[in-house]
Amino acid sequence: MSAGPAAWEGPAHSRATPTSRPSPVELLLQVGASLHAALVVDSQGRIVWMDSVLAGAAGWRSGPPVGRSAEEVLGGLPWLRHALDEALTGTDGLREDAGQEQRLSAVVVPVFGEDGTQLGACARLRKSELPGPEAAREPQALCPGAAEERRAREHLEHQTSLLRATFDSITDGVIVVDLARRITAFNKRFQEMWGLTDAMMEERDAEKALASVEPWVTAPAQFIAFIRQGFEPSSAYRDYIVELRDGRVFECGSIPQMLGDAIIGRIWSYREVTAERQALAEQGRLLAAEHEARERLEESFALLDTFLNHAPIALGFIGRDLRCLRINDALAALHGRRREDDLGRTVREMTPQLAPIVEPLIRQVLDEGIPIIGLNMTGEGPGTSGEQRHWNVSYYPVRSASGTILGVGAVVAEITEEYRAQAERDRLLREAEEAIRVRDDFLSIAAHELKTPLTPLKLHLQMLKGQADASGHVVAPRHVDKALAQLARLSVLVNDLLDTSRIQAGKLELTTEPIPLREFIREVLSDFRGTNSLHSLWFEAPDEPLVIRGDRARLAQVLANLVENAFKYSPSGGTVRVTALRMGTEACVSVKDEGIGIPKEEQAHLFERFFRARNAPISGFGGLGLGLYICRDIIERHGGRIWVESEVEHGSTFHFALPCL
Ligand code: ADP
């Protein structure tokens, strides 16, 4: 049976019944379609299908020609009727109408079934110009029938080979399968794509071909179901993506093969889209990667923002134009602003006071790419005018992946508290060192002070012993007096030490009584009369009687200490003047001398334990620096106060005031 690859646009025809084997009429129609026949007749010469133009040319006006005999219908075209008759006897032929202006010729082809029986014949028409005079002289004119037939056959073969070549040159693989699942046409590309052998294709068995390609496909069940669905007659357009195990991907489309209205098979086309698919997959992969990268970036920014904003230290990023590109709350707060307000500002706008220091540092990091770490800066913070604050500042170059310096990262840690704590530690250290120095001084002074009276005491006692040994000699009273004086000095020192330890332990107790001040002062001063030839001692008694309440012995100790100091620190002699007067509700007692005086800056420390002014050298002014300390404690225990007025080289005046009764 003849078969061709070309599609055929046939006229209206009854729909073919889908059976596993097509009927002889269906086969005739299929062949007619592939030959673009204008006339199809069965083996009996009855018309199966006829082109309406041909019917017109034949002069048939009596309704549809199908089913009529060719002899009846082709009355106007006897040459065609004759050719059909010949074809129905099994011979092909080409006939031509010689009676028209335009020569109408036809190739008439007999159609045989698989069993070899003739099913009918198809006639394909062609129009051609009238031949010239030369043509009339051609030999075939002498034998027109044979020559025309040869030309028509050649023409048909030419057309067929052209069609074949075109069909094979299509880049898509195409296969046509009829309703009997027989391959009616295919091109080379199809065969190549599926790797089907010539032997397989020659069998024309679509099911067999399908079975042979099944192992190639990744999802064979779906693929086979898709193809089999297409074997059933349907007008639907179908498409499907076939993935092969070797990685290739085919895009498959199928459309029904029509003969007029009749579906006579299906045309399948396969296009390899592996590269497109791969490109698409790659594009998808790239998109996914880009999406993921963007998400990661956003995540990184979110993380960075979180850390940046919640970091306890101040952080910022300054761009090459010295503008703030990122900043956290802590750093903005140092400038007295909110984060949003600082973004985009220049360093000078953010911190005008520190800009002259900060800008050159940032420029240096931008130029040299070397970080500046741990710089201590001091300045005033916002809203704390006058109060100095301290910061530890570091600047780091921030580089891109290629190494370009994008800007500077600033890390600022406020260390004001640490700074103050350090200052406090330094102060305490200084005080401790001072205390140690004072202690060492005290020990050396105490040793000296305690030792000083011992030598003369020993001397006087030896004298007394010598005199006692020498029988008959009377002990000289001056030696006894001097020994007693040294003992008194020793006992003062020891008493001062004892009082100090009592004060420290909070155990200095007072036994108070009302004391008339004038008499009391006279009594205390009387002990000094005649003891000192270098100084004169004066007392200016108050006009009115002043009575205070106090511990007589302790207050006497205070006054005596002040008078002794007045003598002691007036080495050139002079007058020591004691006064007492009322000052509001208080009685104020003052002891004024004309001695060495006390430096201003040391006066505040005078009443501290062990304190001795720097102008009180040991020699000649011996003492432990305890007297005034004990005096202050005693006076304050009485509810009073003690103070000094003094000028170096111009004497000193010590005052104490006590509440009057
Ligand atoms: P001391 O006299 O035993 O050293 P004080 O406590 O009595 O101890 O005095 C403390 C210091 O005060 C003295 O070392 C001296 O430097 C200074 N001072 C006390 N009284 C006078 C004074 N009248 N004139 C000058 N300096 C004085």
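Just follow the structure's listing: the first ligand is 1, and inside any ligand the first atom is 1. Only a predicted model underlies this, so the values are computations on that prediction, with no experimental measurement involved.
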message: List ligand 1 atoms under 4.0 Å from K568, heavy atoms only on the residue side.
response: 1 (P), 2 (O), 3 (O)

- prompt: When you look at R437 and E433, which way does the salt bridge (charged side-chain N to carboxylate O under 4.0 Å, His left out) test go after all the steps?
  reply: CA-CA 6 Å; R437 189 189 64 75; E433 284 169 353; over 6 Å; no

- prompt: Are R549 and E513 ion-paired here, with the side-chain N under 4.0 Å from a carboxylate O?
  reply: no

- request: Report the part of I598 (side chain from C-beta onward, or backbone N, CA, C, O) that has a heavy atom under 4.0 Å from ligand 1; answer both or neither where that applies.
  value: side chain

- prompt: Quick one: does G595 get within less than 4.0 Å of ligand 1, heavy atoms only?
  reply: no

message: Any salt bridge linking E292 with R296? Criterion: basic side-chain nitrogen under 4.0 Å from a carboxylate oxygen.
response: yes

query: In terms of atom number and element, which parts of ligand 1 are under 4.0 angstrom from non-hydrogen atoms of F611?
result: 10 (C), 11 (C)

query: Would you say A613 has any N or O atom under 3.5 Å from an N or O of ligand 1, going by distance alone?
result: yes

field: Any donor-acceptor N or O pair under 3.5 Å, side chains S536, T575
entry: yes

query: Should the pair R326-D305 be classified as a salt bridge under the 4.0 Å nitrogen-to-oxygen rule?
result: yes

message: If we set the cut-off at 4.0 Å for heavy atoms, which region of L624 has an atom near ligand 1: side chain, backbone, both, or neither?
response: backbone

query: Is F654 in contact with ligand 1, taking contact as a heavy-atom separation below 4.0 Å?
result: yes

field: Close-contact set for ligand 1 against S652 heavy atoms, below 4.0 Å
entry: 24 (N), 25 (C)

field: Short N-O contact, E282 and R285, less than 4.0 angstrom
entry: yes

message: Any donor-acceptor pair under 3.5 Å linking the side-chain atoms of D426 with those of Q422?
response: yes

- prompt: Can we say R348 and E359 salt-bridge, meaning some charged N sits less than 4.0 Å from an Asp/Glu carboxylate O?
  reply: yes

- prompt: Is a salt bridge present between R518 and E523, judged by a nitrogen-to-oxygen distance below 4.0 Å?
  reply: no

field: Over 12 foreign heavy atoms within 6.0 Å of OH, Y419
entry: no

field: Salt-bridge criterion met for R554 and D499 (N-O under 4.0 Å)
entry: yes

- request: With heavy atoms of L626 as the reference, note each atom of ligand 1 found under 4.0 Å away.
  value: 6 (O), 8 (O)

- prompt: Does the N or O separation between I596 and ligand 1 drop below 3.5 Å for any pair?
  reply: no

field: Within-cut-off N or O pair, Y569 and ligand 1, under 3.5 Å
entry: yes

query: So which of I630, L628, V492, V644 gets nearest to atom 5 (P) of ligand 1, if we judge by its closest heavy atom?
result: L628

- prompt: Taking heavy atoms and a distance under 4.0 Å, where does L562 meet ligand 1: side chain, backbone, both or neither?
  reply: neither

- line: ligand 1 to G597, heavy atom cutoff 4.0 Å, flagged ligand atoms 25 (C)

message: Counting only nitrogen or oxygen atoms and a 3.5 angstrom limit, does Y629 reach ligand 1?
response: no

query: For ligand 1, is there an atom lying under 4.0 Å from some heavy atom of E602?
result: no

message: I want to confirm something. Looking only at heavy atoms, which of V648, L606, T653 is nearest to atom 12 (O) of ligand 1?
response: L606

